[in-house]
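In what follows, residues are counted from 1 in the order of the sequence shown.
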Amino acid sequence: MAVSEGVLLGMGNPLLDISAVVDDAFLSKYDIKLNNAILAEEKHLPMYDELASKSNVEYIAGGATQNSIRVAQWMLQTPGATSYMGCIGKDKFGEEMKKNAQAAGVTAHYYEDETAPTGTCAVCVVGGERSLIANLSAANCYKSEHLKRPENWALVEKAKYIYIAGFFLTVSPDSIQLVAEHAAANNKVFLMNLSAPFICEFFRDAQEKVLPYVDYIFGNETEAKIFAKVRGWETENIEEIALKISQLPLASGKQKRIAVITQGADPVVVAEDGKVKTFPVILLPKEKLVDTNGAGDAFVGGFLSQLVQGKSIEDSVKAGCYAANVIIQRPGCTYPEKPDFN
């Protein structure tokens, strides 16, 4: 089915990924772990220049939500089907970001902050696995005033599906609440992501406040286990956790919640209506793995591309697995010109 213009809206932290292959010594120098996502501290700041000086460095428009929206747009191949909001700085990285979004066919309404530089994310790759260290800078400056401007709120009104990664809870929970309540009042689909263990641990209150509005919640097995641990659930079983997440209370007017948990090479777990289904992923030989950065974001983007067309959960998961499989064979969250998903 043809999708309407602006059917899918994303809001989040636009970051320019500075991606390079490093070694274990680099990881220990900056005290970082693979397969983790954290916010930069003082000790991490020199790392960005060190990465930028590497001969294999690449710059890619990133940030979790923006990645998912770009991938959904690529899968849909309908110009302007998706839109995005977030905050960038008035600088060359910000210009790079605008060019990138435009080239991807995404309608981006960035809030441009005069005082802070565009946010960056260090992507340190070792043996195909990645560690992400985000220096939010301008991304941290997003204000709900921007969202309320008529030309921006028009994107919210137009959208039938709204996706926000959990990372945005650290920046503008009031913006999230505005669109969550709008979605509930207007029978729209609101989707979120657990995003990282630290969000589940340290931003629990903000997460709890918005959860009742969430129709679809995504996450990976590590995040799901931390989510369960923080709530004192005595289980590490992903299927049980997914079920419990799907059954947490809903805001009035919301019918049900679907929890979708990915587990790397293991099957995707989907909990809905008190039942759990698992779906196999497309396995990739180790030698074809280039970089897992953006795999989870790509999965969500692929999933959303089918959901907004009214396709089944099964088709949505298949598309998610397809998109993730394409992304991990390339550096960063990048993709070929056209998808060959059917």
Derivation and outcome, ring pair (Phe, Tyr, Trp, His ring centres under 6.0 Å), residues Tyr213 and Phe190: CA-CA 7 Å; Tyr213 296 93; Phe190 183 65; 7.6 Å; no
Partner of Thr235 by side chain to side chain donor-acceptor pair (under 3.5 Å), out of Glu240, Lys244, Lys225: Glu240
Tyr216 and Phe303 aromatic ring geometry - parallel, tilted or perpendicular at 30°/60° bounds: perpendicular
Parallel, tilted or perpendicular: rings of Phe198 and Phe203 (30°, 60°): perpendicular
Atom of Leu243, atom of Gly274 and distance for their closest heavy-atom approach: CD1-C, 3.6 Å
Contact summary for Thr65 and Ala165, nearest pair of heavy atoms: OG1-N, 3.0 Å
Residues Lys277 and Glu314 bridged, charged N to O under 4.0 Å: no
Other residues, nucleotides, ligands: >12 heavy atoms within 6.0 Å of Glu234 CD: no
Lys/Arg-Asp/Glu bridge criterion (N-O < 4.0 Å) met for Arg231, Glu208: yes
All ring-ring contact (aromatic ring centres under 6.0 Å, His included) counterparts of Phe26, not counting sequence neighbours: Tyr30
Donor-acceptor side-chain pairing of Ser131 and Asn36 below 3.5 angstrom: no
Qualifying residues under salt bridge (Lys or Arg N to Asp or Glu O under 4.0 Å), relative to Glu272, sequence neighbours excluded: Lys256
Cationic N near anionic O, under 4.0 Å, Lys254 to Asp215: yes
Rounded distance (nearest 0.5 Å) linking atom CG of Leu304 with atom CE of Met75: 10.5 Å
Electrostatic pair Lys92:Glu95 at N-O distance under 4.0 angstrom: no
Pairing residues for Arg204 by the side chain to side chain donor-acceptor pair (under 3.5 Å) criterion, not counting sequence neighbours: none
Aromatic plane relationship, His182 with Trp153 - under 30° parallel, 30 to 60° tilted, over 60° perpendicular: perpendicular
